[in-house]
Trainee: 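I'd like to ask you about the structure that follows.
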Amino acid sequence: MAEVSRETEQRPPQQLLDRLFASRLPIIESYVALLATRGVERGLLGPREAPRLWSRHILNCAVLSDLVPTGSALADLGSGAGLPGCVLAIARPDVHVTLIEPLLRRSVFLLEVRESLHLDNVEVVRARADEVRRPTAFDLVTARAVAPLHMLVQWALPLCRAGGELVAVKGKSASAELRRARPVMRQLDAGPVSIEQLGTGVLEVATTVVRIQSNGQRSSGRRGSS
């Protein structure tokens with residue numbers, strides 16, 4: 001069992017927490033507690049991540065909320081411990097969030113989070129992206145620390161409706177990954193693309209995302225996806 005760090009992180013400013021989570025703040029605090037205990041104990045997060053859950057993980061994901069349309073259907077690909085899917089489901093109860101995760105131990109944790117926090121707007125699907133079959137496509141597909149962009153677009157864009165988009169959380173490699181992904185994006189007839197910084201002036205380190213619009217093409221990418 002992993003040793004959970006006893007270090008603590010300074011709580012984010014109340015004004016920021018209120019803006020991101022409003023009345024749902026007690027729920028996100030409970031989720032942070034689950035990540036710091038069960039999440040670390042089961043190896044979903046490293047022990048060193050516990051002291052920086054707010055700054056490195058929760059706030060980093062929460063700023064994606066501004067990109068999520070009201071009442072939309074969102075899929076979080078390779079959800080892992082629920083980042084960013086669970087964070088967005090908590091911040092945005094108007095959005096239906098499908099957490100797609102192929103590994104059993106992670107899927108079990110996500111189910112426990114859903115039940116413990118009473119997240120009625122969350123569905124957990126244990127599957128790879130190319131195994132997901134839905135009568136309707138998603139408005140938005142998110143992914144964080146899943147795969148390089150040239151692989152991710154093959155798995156994510158076919159899950160989107162026409163006009164929907166992939167929002168991939170990336171770091172400094174965003175531009176380089178986007179250049180490498182261009183040939184695959186042309187094959188998928190992808191729409192407009194942008195690299196954006198979210199939370200600038202609010203977070204210590206802004207969240208970099210790559211946004212790629214889908215034309216609704218439903219053919220699946222290569223197998224072995226997350």
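Basis for what follows: all heavy atoms, side chains included, without hydrogens, waters or symmetry-related copies.
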Trainee: Between Ile100 and Leu159, is the side chain to side chain contact (heavy atoms under 4.5 Å, CB included) condition met? List the steps.
Mentor: CA-CA 11 Å; Ile100 301 172; Leu159 297 177; 4.2 Å; yes

Trainee: Which residues pass the salt bridge (charged side-chain N to carboxylate O under 4.0 Å, His left out) test with Arg211, sequence neighbours left out?
Mentor: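 By the salt bridge (charged side-chain N to carboxylate O under 4.0 Å, His left out) rule, Arg211 matches Glu165, Glu196.
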
Trainee: Side-chain contact test, heavy atoms from C-beta onward, threshold under 4.5 Å: evaluate it for Leu25 versus Gln14 and give yes or no.
Mentor: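 With C-beta onward as the side chain, the pair touches.
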
Trainee: More than 12 foreign heavy atoms under 6.0 Å from CZ of Arg180: is that the case here?
Mentor: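 Not more than 12 within 6.0 Å, no.
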
Trainee: Would Val184 end up clustered with Ile195 when hydrophobic side chains under 4.5 Å apart are linked, directly or stepwise?
Mentor: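 Yes; tracing contacts between hydrophobic side chains, which count when under 4.5 Å, links both residues.
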
Trainee: Look up atom NE2 in His118 and atom CD1 in Ile27, then write down how far apart they are to the nearest 0.5 Å.
Mentor: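 Between atom NE2 of His118 and atom CD1 of Ile27 there are 9.0 Å.
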
Trainee: I need the minimum non-hydrogen distance between Ser30 and Leu117, along with the two atoms involved.
Mentor: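 It is CB-CD2, 3.5 Å.
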
Trainee: Taking Ser107 for the side chain and Glu101 for the main chain, is one N or O donor matched with an acceptor at less than 3.5 Å?
Mentor: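 Such a contact is found between Ser107 side chain and Glu101 backbone.
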
Trainee: Can you measure from OG (Ser173) to CZ (Arg179) and round to the nearest 0.5 angstrom?
Mentor: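 Answer rounded to 0.5 Å: 10.5 Å.
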
Trainee: Is there a side-chain contact between Leu45 and Leu53 (heavy atoms, below 4.5 Å)?
Mentor: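 Touching, per the 4.5 Å side-chain cut-off.
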
Trainee: Please say which of Val209, Leu74, Val87 ends up in a side chain to side chain contact (heavy atoms under 4.5 Å, CB included) with Leu64.
Mentor: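 Only one option passes, and that is Val209.
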
Trainee: Hey, what else clusters with Leu104 if you join Ile, Leu, Val, Met, Phe, Trp, Tyr whenever side-chain heavy atoms sit under 4.5 Å?
Mentor: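 Hydrophobic cluster check, Leu104: joined to Val108.
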
Trainee: Other residues, nucleotides and ligands only: do more than 12 of their heavy atoms fall within 6.0 Å of CD on Gln15?
Mentor: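 Incorrect, the count does not exceed 12.
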
Trainee: With heavy-atom distances below 4.5 Å as the criterion, would you say the side chains of Val63 and Val202 are in contact?
Mentor: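 No - every pair of side-chain heavy atoms lies 4.5 Å or more apart.
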
Trainee: Roughly how far, to the nearest 0.5 Å, is CG of Leu20 from CD1 of Ile90?
Mentor: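 With rounding to 0.5 Å, CD1 (Ile90) is 12.0 Å from CG (Leu20).
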
Trainee: Rounded to the nearest 0.5 Å, what separates atom CG in Leu178 from atom CD1 in Ile212?
Mentor: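 Atom-to-atom, Leu178:CG and Ile212:CD1 are 6.0 Å apart.
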
Trainee: With side chain to side chain contact (heavy atoms under 4.5 Å, CB included) as the criterion, how do Arg144 and Cys61 come out once you've worked through the C-alpha distance, each side chain's angles and the decisive distance to 0.1 Å?
Mentor: CA-CA 9 Å; Arg144 180 178 187 259; Cys61 293; 3.6 Å; yes

Trainee: Treating Thr207 as the side-chain partner and Asn60 as the backbone partner, does any N or O pair qualify as donor plus acceptor under 3.5 Å?
Mentor: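 Yes.
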
Trainee: In chain order, what residues pass the salt bridge (charged side-chain N to carboxylate O under 4.0 Å, His left out) check against Glu49, with sequence neighbours excluded?
Mentor: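 With sequence neighbours excluded, Glu49 shows a salt bridge (charged side-chain N to carboxylate O under 4.0 Å, His left out) to Arg52, Arg56, given in chain and number order.
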
Trainee: List the steps, then state whether side chain to side chain contact (heavy atoms under 4.5 Å, CB included) holds for Leu35 with Ile58.
Mentor: CA-CA 10 Å; Leu35 289 175; Ile58 303 301; 4.0 Å; yes

Trainee: Checking Glu112 now: which residues fulfil side chain to side chain donor-acceptor pair (under 3.5 Å) with it, not counting sequence neighbours?
Mentor: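 Side chain to side chain donor-acceptor pair (under 3.5 Å) list for Glu112, sorted by chain: Arg38, Arg42.
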
Trainee: Closest approach of Pro47 and Val40, non-hydrogen atoms and distance?
Mentor: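 Closest approach of Pro47 to Val40: CA-CG1, 3.8 Å.
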
Trainee: To the nearest 0.5 Å, how far apart are CG in Leu157 and CG in Leu188?
Mentor: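 Rounded to the nearest 0.5 Å, the CG-CG separation comes to 5.5 Å.
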
Trainee: Tell me, with the steps shown, if Cys86 and Leu99 meet side chain to side chain contact (heavy atoms under 4.5 Å, CB included).
Mentor: CA-CA 8 Å; Cys86 285; Leu99 307 176; 3.7 Å; yes

Trainee: Only one of Val95, Asp139, Val167 clears side chain to side chain contact (heavy atoms under 4.5 Å, CB included) with Val68; which?
Mentor: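 When Val95, Asp139, Val167 are each tested with Val68, the side chain to side chain contact (heavy atoms under 4.5 Å, CB included) holds only for Val95.
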
Trainee: Do Val125 and Glu131 touch side chain to side chain, with heavy atoms closer than 4.5 Å?
Mentor: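 Side chain of Val125 against side chain of Glu131, heavy atoms only: no contact under 4.5 Å found.
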
Trainee: Just so I know, are the side chains of Pro93 and Arg24 near enough to count as touching, which here means a heavy-atom distance under 4.5 Å?
Mentor: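 SC-SC contact between Pro93 and Arg24 confirmed.
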
Trainee: Would you mind listing the cluster partners of Leu103? Hydrophobic ones only (ILVMFWY), side-chain contacts under 4.5 Å, chaining allowed.
Mentor: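 Its cluster mates, by chain and number: none.
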
Trainee: Determine the sole option in Val132, Leu77, Val141 for which the side chain to side chain contact (heavy atoms under 4.5 Å, CB included) test with Trp155 is passed.
Mentor: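 When Val132, Leu77, Val141 are each tested with Trp155, the side chain to side chain contact (heavy atoms under 4.5 Å, CB included) holds only for Leu77.
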
Trainee: Atom NE2 of His96 and atom CG of Asn121: how far apart are they, to the nearest 0.5 Å?
Mentor: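 One gets 7.0 Å once the value is rounded to the nearest 0.5 Å.
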
Trainee: Minimum heavy-atom separation for Leu110 to Ala81, with atom names?
Mentor: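 Looking at all heavy atoms of both residues, the closest pair is CD2-C, 3.7 Å.
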
Trainee: Testing the basics here: between Glu177 and Ala147, what is the closest heavy-atom pair and its distance to 0.1 Å?
Mentor: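 The pair with the smallest heavy-atom distance is OE1-O, 4.3 Å.
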
Trainee: Give every residue pair that meets the salt bridge (Lys or Arg N to Asp or Glu O under 4.0 Å) criterion with at least one member in residues 64-74, sequence neighbours excluded.
Mentor: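 Of all non-adjacent pairs touching residues 64-74, none passes salt bridge (Lys or Arg N to Asp or Glu O under 4.0 Å).
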
Trainee: For residues Gly82 and Asp76, report the shortest heavy-atom separation together with the two atoms involved.
Mentor: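 Taking every non-hydrogen atom into account, C-OD2, 4.4 Å.
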
Trainee: Might you point out which heavy atoms bring Ser116 and Leu34 nearest each other, and give the distance in Å?
Mentor: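 Ser116 and Leu34 have their closest heavy atoms at CB-CD1, 4.3 Å.
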
